[in-house]
Every structure is written in structure tokens, then in C-alpha cells.
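These notes concern the structure reproduced below.
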Amino acid sequence: MTQPIPSPLQKLHGKVAIVTGAASGIGAVTARHFADHGALAVVIADVQDAKGREVAASIGSHRCTYVHCDVTDKDQVKSLVEFTVKHYGSLDVMYSNAGIPSASAQTVLELDLSGYDRVMEVNARGMAACVKHAARAMLEKGVKGSIVCTASFLADCGSESVTDYTMSKHAVLGLVRSASLQLAPLGVRVNCVSPSFVGTPMVAETFKIGAEELKEMMAAVYIGRDGPLMEKHVADAVVFLASEDSAFVTGHNLVVDGGLGIKSLSLLKP
Ligand SMILES: NC(=O)c1ccc[n+]([C@@H]2O[C@H](COP(=O)([O-])OP(=O)(O)OC[C@H]3O[C@@H](n4cnc5c(N)ncnc54)[C@H](O)[C@@H]3O)[C@@H](O)[C@H]2O)c1
């Protein structure tokens, strides 16, 4: 049980936010963190209805609502944004986070193009629909809003085994960089957060492992640190990007990986 955040330290006081992919993992923890940071309303969107409703109820029905939204359906994304503006008056923050893993490990030689289509449909096209409709709603209401997308540590490097997923996350980076450039003069900021491995159901699904193996894998990945990267670390970064603390930050890819990606190819030890 975490301690409540005292109100002077709350960074999203009075803000209206949407979090997609919030029935599970990083999205669920971030939705709760938004509420803890004083958000007036957090609308959580997902395709896992029972889990999504459970998360919303646990945050509190006075400030959190669940809406079914498949981000691959542009009309559902538009309705999600319209619902939010109609019920809460505006949209200040869009955290576009919904994503899926590769169906299986693959090099480009084994790339299954229907699997590729599906990953791109959710991770790239779905993300674009969320950014588009959120930005439109913000501009219509004259809101100086913040849009944050979840990319990945794989958004800026190659992968030996998940070609389609890596491509989809590179697309998120292209979306964030283009949208931020286009929307900066209009007062809307667009950034992304790029976590390395977090022990969520997605990672368990990718590696086809259970809870115990997942724990062991995470401990091995983050060996030498205080512990593994947790959803809360990512949520803290998202709150920063969503809040006025990052008022002059746009087009940024905030990597949250405990330094894993900074390793140089060094053959000589000092
Ligand atoms: N876990 C990691 O190690 C990691 C690392 C880097 C990036 N990410 C990214 O973080 C984001 C969240 O992943 P997570 O690890 O919390 O996984 P997760 O599986 O726990 O959560 C993803 C959520 O997205 C939802 N979702 C999937 N398809 C959807 C759709 N079409 N419409 C709406 N919702 C949909 C799922 O139902 C689920 O609730 C994803 O974009 C993922 O690519 C995760």
C-alpha cells in the first residue's frame, strides 16, 4: 500500500486524462498514479472489460471510469475522446499506451506478415489514432495538453528476435517526433516513454513463461541494481511528461531502463 501524495506535491491536480491499455501492467499502474497525483478524472480504455472495470473500481468511481475501446477501431477511439470531453469538460492528458507483443520470436527471414499486420495495427496505427483524436479535442477546446505514448527501448535500436514489434515501436517514435513538431506551435506537447523490460503479462506472453520464471528473468536482467524496473518507475516518468514539470519538453523519447541501453561495445576494461 503506497502513501497518499500530499496535495502540494500532486502534479496533475484537476486534469482530465485518458489512459489506453489500462486494464493491465504499466497502464493500470499509471492510471492509479494519475489519480494519486490529483487528476480530476481518469478514463481508462482497454479491450479487457472485466479487468478494466476492476481497475476503475479500485481507483474509485468518483474519479475513474472504464470505457471499452479497441484502439485499432478509429471510431471507438473518436468516441472515447468524445465521451471524455462530454463528461469531464475537456481532455488535458492522453497516455496512449495500449500495445501487444510479437506473436512469436522471428528474424526477418521468418517474418509472418499477418502477425506483422496485427502488431502494426495495434502498436502503430492504434497509437496514431489516439494521438490524432486527442490532439484534435485539445485544440478544439484550446487546451495546452500533453500527449504521451509508450514506445520501447526497442524503438531506437535493432532486435535479434522480434522484428515486427521493433518496427512498430520505431513507428511510435516517428509519430511522436512528427506530431510534436506539428503541434508545438499550437501548444500541445507530444512525448514518449521507452521502458526496458517490466515484468508485466506482456513479457510473460512474449517469453511464454509463468510468474516464477518471470521473476527470475527480471532479477537476472537487472542484476547489480536495487531491483528490477517496475511499472511505478515508468508511471513516474509518464507523470513528469504529462505535467507542467515538463512544460518545455516536446518530441522527447524518455528512456526508462536503469542504464541498460547505454552500454558501449567496449573490449578494453579500464
Ligand atoms: N512490459 C515491458 O517490458 C514493456 C517494455 C517496453 C514497452 N512496453 C509497452 O508498454 C505498453 C504496455 O504494455 P504492458 O507491458 O503493460 O503490457 P500488458 O499486456 O500488461 O498491457 C497492455 C494492455 O493493452 C491492452 N490492449 C491490447 N490491445 C489493445 C487494443 N487493440 N485496444 C485497447 N487496448 C489494448 C491489453 O488488453 C492490456 O490491458 C505496450 O505498448 C508495450 O508495448 C512494455
Side-chain angles (χ1 to χ4, degrees), residues 1-46 52 55-56 58-60 62-66 81 84 88 90-99 127 130-131 134-135 137-138 143-153 155 172 176 179-180 183 187-196 198-200 226-258:
M1 191 77 174
T2 52
Q3 293 294 319
I5 299 169
S7 53
L9 299 179
Q10 291 178 344
K11 296 175 188 295
L12 297 175
H13 192 74
K15 301 287 185 194
V16 175
I18 293 175
V19 182
T20 71
S24 170
I26 295 166
V29 171
T30 306
R32 190 178 308 281
H33 212 39
F34 279 8
D36 290 344
H37 270 283
L40 174 74
V42 184
V43 177
I44 70 178
D46 208 293
V55 173
S58 72
I59 293 173
H62 58 295
R63 56 186 177 162
C64 190
T65 315
Y66 174 72
V81 171
T84 304
Y88 302 108
S90 70
L91 175 64
D92 301 294
V93 176
M94 163 63 88
Y95 179 33
S96 177
N97 164 75
M127 203 69 74
C130 290
V131 172
M138 288 169 181
V143 171
K144 308 273 182 217
S146 173
I147 300 173
V148 184
C149 297
T150 306
S152 163
F153 69 108
V172 175
V176 165
S180 61
L183 298 172
V188 172
R189 297 183 298 115
V190 189
N191 292 287
C192 59
V193 69
S194 278
S196 51
V198 184
T200 64
D226 271 354
L229 175 64
M230 302 296 290
E231 292 88 339
K232 164 75 166 53
H233 297 122
V234 182
D236 277 333
V238 177
V239 166
F240 167 72
L241 291 173
S243 75
E244 287 302 304
D245 281 359
S246 60
F248 219 69
V249 179
T250 194
H252 185 63
N253 177 25
L254 180 48
V255 176
V256 185
D257 72 347

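It should be emphasised that the depicted structure is a prediction, and the values quoted were computed from it without experimental measurement.
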If every non-hydrogen atom of [X] is compared with every non-hydrogen atom of [Y], which pair is closest and at what distance?
X      : Y      : result
Tyr66  : Ala45  : CE1-C, 4.3 Å
Ile147 : Ala134 : CD1-CB, 4.1 Å
Cys64  : Ile44  : SG-CG2, 3.9 Å
Leu241 : Cys192 : CD1-O, 3.8 Å
Ala35  : Val42  : N-CG2, 4.0 Å
Ala151 : Pro195 : O-CD, 4.0 Å

Which pairs with one or both residues in residues 21-41 pass ring-ring contact (aromatic ring centres under 6.0 Å, His included), sequence neighbours excluded? His33-His37
Short question: side chain of [X], backbone of [Y] - any donor-acceptor pair under 3.5 Å?
X      : Y      : answer
Gln10  : Ile5   : yes
Ser180 : Thr250 : no
Ser246 : Phe240 : yes
Thr20  : Asn97  : yes
Asn191 : Val148 : no
Arg63  : Ala39  : no

Any chance you could lay out the side chain to side chain contact (heavy atoms under 4.5 Å, CB included) test for Val81 and Met94, step after step, and finish with the verdict? CA-CA 9 Å; Val81 171; Met94 163 63 88; 4.2 Å; yes
As a quick check of understanding, evaluate side chain to side chain contact (heavy atoms under 4.5 Å, CB included) for Val256 and Val193, giving each step before the final call. CA-CA 7 Å; Val256 185; Val193 69; 3.7 Å; yes
Please list all pairs meeting side-chain hydrogen bond (donor to acceptor under 3.5 Å, both in side chains) that have one or both residues in residues 22-32, counting only residues at least two apart or in different chains. Arg32-Ser58
In Å and rounded to the nearest 0.5 Å, what is the [atom1] to [atom2] distance from [X] to [Y]?
X     : Y      : atom1 : atom2 : answer
Ile26 : Leu229 : CD1   : CG    : 7.5 Å
Lys15 : Ser90  : NZ    : OG    : 8.5 Å
Leu40 : Leu12  : CG    : CG    : 11.5 Å

In short, salt bridge (charged side-chain N to carboxylate O under 4.0 Å, His left out) pairs touching residues 240-258 with sequence neighbours left out are Lys11-Asp245
Could you check Met230 against Val29 for side chain to side chain contact (heavy atoms under 4.5 Å, CB included), going step by step and ending with a plain yes or no? CA-CA 10 Å; Met230 302 296 290; Val29 171; over 6 Å; no
